[in-house]
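Notes for the one structure printed next.
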Protein chains: 2
Amino acid sequence: MKKASTIRDVASAAGVSVSVVSRVLNPDSGPVAPAKRETVLRVIDELGYRPRAAARELSIGHTPTIGLVVADLANPFFAQLADRVVWEARSHGVQVMVMTTQEDPHLEADSLDTLLDRSVGGVIATPTGSNIEKWARLQSLGVNVVFVDRSIPELADVDLVSIENVDSARRATEHMLGLGHTRIGLISGPVSTSTGRSRIEGYKSAHNNFSISVDPQLIRDVPFRGDGGGDAAGSLLALPDRPTGLIVANTAQVQSSVRRLVQIGVRIPDELSVIVFDDNPWTELTSPPLSVIRQPIDMLAVHSLELVLGRMQGRLPPAPRTIEVKADFVPRSSCSPLTLSPIS
Amino acid sequence: MKKASTIRDVASAAGVSVSVVSRVLNPDSGPVAPAKRETVLRVIDELGYRPRAAARELSIGHTPTIGLVVADLANPFFAQLADRVVWEARSHGVQVMVMTTQEDPHLEADSLDTLLDRSVGGVIATPTGSNIEKWARLQSLGVNVVFVDRSIPELADVDLVSIENVDSARRATEHMLGLGHTRIGLISGPVSTSTGRSRIEGYKSAHNNFSISVDPQLIRDVPFRGDGGGDAAGSLLALPDRPTGLIVANTAQVQSSVRRLVQIGVRIPDELSVIVFDDNPWTELTSPPLSVIRQPIDMLAVHSLELVLGRMQGRLPPAPRTIEVKADFVPRSSCSPLTLSPIS
DNA sequence: TACAAAAGTGGAACCGGTTCCACTCCGGTC
DNA sequence: GACCGGAGTGGAACCGGTTCCACTTTTGTA
């Protein structure tokens, strides 16, 4: 366990001053005679010297690092998002600190503190919805914040990247309405989140277009955490006048909901047509393969990274941006026309 | 965008020296009069002061941070591993830098450099199998390395946490042999990895126990990346004397393999009995639900973290450790007795 | 009361980079 | 030949913490 060499080791081995070595390390920071540059580079190689990030960070004042704060990596949506963000960031020479919140505001607050301590230049997050002042403080300290997928209404000047939630939910609903279903269950996210509200709005809007009234009983907004999706699915199916269609618009609850449907043993699509949000890899391995709204996770990752890096480099106008990307509806075999009472 | 306060700001605001503030910050580093401690804490709170990690790191020489190097967060196995590690680490006050390699040795090498620059105290990794000298160098610089799930035979003195690979593969194989199957396909990881080799060994050992000879044609070792699992599944089923059982022991290829089986339309378990490694959440949502070898990801995470932290704190004997945890066989409905030529 | 030990405190060096600045060489220009 | 500007260089301050050490004050004990 030899200890790593420092810039001063390199300097003395190369017979130059630390200033010169530093200039070699940071090409645009000043002139170096070509011959010396060669020598220094050779010595660096021989010694296996690598500058320590902490030292640079201390004198520069910031790091080429961003934080990624998601609920739960065990959820494929977040996992894929993280994968893409980490991957994409690397190609820009930026490191990513991944933090998970388990949807717990306290853990979220902790994560933000940690990121602050690490002097990250930006944060990409799917916020829990709390910690308003904490997010604001982060921004006021110059940390660039971009929300993905969800936003917090109280925080107006934060960049946001999400799918077209209203439109996506409307299209899914209209697809079912078009098949003749009139009682369609909706399992959405909490109304305290933008995502939850927008998707409910899209659902209602579709009903409106079809001049079909909305039964509030059929709308279940459940938390992201826990087994709320499964319970909601169970209770919807237990309704006297039970729905013939189900849209699961809470990505965190898809698995739980589908598992419950399988347990109950409803026949899909004969007894129940189903559309879920998010094209998890397994959705086409179930039988029947599920029709899904596919969130273009790559796009979410790319755009949010672009935003946060753009802000870090100060090459974006100050006004907050909202980027909405289109989500595809991918029909598979989990929806069928309503046969019991066929449409006119 | 006001700028953050420093320890000297706190010191002067509290009317004490920086030494005192530092001692308040690090409780066991020296005595502080209770009254002054109070004052300092109050000032810290008022100013919203937080010590900068980089400064501390620079003077201490290391960070309470570990690196986690996995192939691909989009793979549920790694994603869950990452989730557990991050989670568990946090409860020990340790941060985790998550890096992905996409199974590419170059990217792996980059990641290790980055982690080195950040002065991490330890690394938990599923190594690609290359970069032998790089791993060795990392160790010689005092970075504690723990491999999870796979190991590199050339690197003898690295801690390893994995499941009982030989035993797991044997149990799965014996289960099928016990059902009367004699031609069982095996899709495993590359033989260049310990995992790949051990699982093939278990498969062979089971055959041996049942005095059934092994047809080498039925063993397919495919890379972790790409669609090798699907292709192997396809080609196994295209064999003239095609297998009646299939064990997918390459966790990264399960999805690809199962997808192919679904595409081909083999009836499971009637035409083909199937066991896969890894209890991904969706394996019980397929029809039929798949029998799996369940890797206790929590255990893998906990043990590897324990090892790496233990080494960082120097409270472990120097000899490298290998921890093997038991993997459960979870029978579901994807295996049935061989009916064509029933066992005696 | 005397004196050693322990508690409490602040000054300053240090960790390993970056950067400002002063200084020395050059060559080119009037 | 005097002068100027720019290339090239090194010294030293600085970033924000930690820690050693010397010093003063308090406490405990004989």
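We name chains A, B, ... by the order of the sequence lines, and we start the count at 1 in each one.
- A:I60 comes within 4.0 angstrom of sugar-phosphate atoms only, judged by non-hydrogen atoms across all strands, and of no base.
- Counting to the nearest Å, the P atom of D:dG16 and the CZ atom of A:R52 are 18 Å from each other.
- Take the nearest nucleotide of DNA chain D for B:L58 and for B:S29: the residue whose nucleotide is more 5' is B:L58.
- Heavy-atom nearest nucleotides on DNA chain C were determined for B:R23 and for A:A54, and the one closer to the 5' end corresponds to B:R23.
- At the phosphate of C:dT9, OP1 or OP2 sits under 4.0 Å from a side-chain N or O atom of B:K36.
- Going from atom CZ of A:R8 over to atom C1' of D:dA12 covers 10 Å, rounded to whole Å.
- To the nearest angstrom, P of C:dA7 lies 13 Å from CZ of B:R37.
- Taking only side-chain atoms of B:S59, from C-beta outward, the nucleotide of D:dT9, C:dT18, D:dT18 with the closest atom is D:dT18.
- Straight-line distance from the CG atom of A:L25 to the P atom of C:dT19: 11 Å, rounded to whole Å.
- Here CZ of A:F224 is found 10.5 Å from OG1 of A:T101. Values are rounded to the nearest 0.5 Å.
- When the options B:I323, B:D159, B:L309 are evaluated for a side chain to side chain contact (heavy atoms under 4.5 Å, CB included) with B:V146, the one that passes is B:D159.
- Checking D:dG10, D:dC15, C:dG8 against every side-chain atom of B:P34, the shortest atom distance belongs to C:dG8.
- Atom CZ in B:R50 sits roughly 15 Å away from atom C1' in D:dG17 (whole-Å rounding).
- Using a 4.0 Å heavy-atom cutoff across all strands shown, B:T6 reaches sugar-phosphate atoms only and no base atom.
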Full working for side chain to side chain contact (heavy atoms under 4.5 Å, CB included) between B:R118 and A:T63: CA-CA 11 Å; B:R118 303 301 291 257; A:T63 357; 4.2 Å; yes
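- Residue contacts shown for B:P31 include a base, since a base heavy atom lies under 4.0 Å away.
- When the P atom of D:dG16 is taken as reference, atom CD1 of B:I44 falls 16 Å away, rounded to whole Å.
- Residue B:R56 places at least one side-chain N or O closer than 4.0 Å to OP1 or OP2 of D:dT18.
- The distance between atom CD1 of A:I7 and atom P of C:dT19, rounded to the nearest whole Å, is 11 Å.
- Look at CD on B:E57: it is 16 Å from P on D:dG16, rounded to the nearest Å.
- Using a 4.0 Å cut-off, no side-chain N or O of B:S22 falls inside it from OP1 or OP2 of D:dG17.
- In this structure, CG on A:N75 lies 10.5 Å from CD on B:Q80, to the nearest 0.5 angstrom.
- Set against D:dT9, C:dG8, C:dG10, the side chain of B:V16 has C:dG10 as its closest nucleotide.
- For A:S17 and D:dG10, the shortest distance from a side-chain N or O to OP1 or OP2 is below 4.0 Å.
- Counting only heavy atoms from C-beta outward, the side chains of B:T100 and B:F78 never approach each other to under 4.5 Å.
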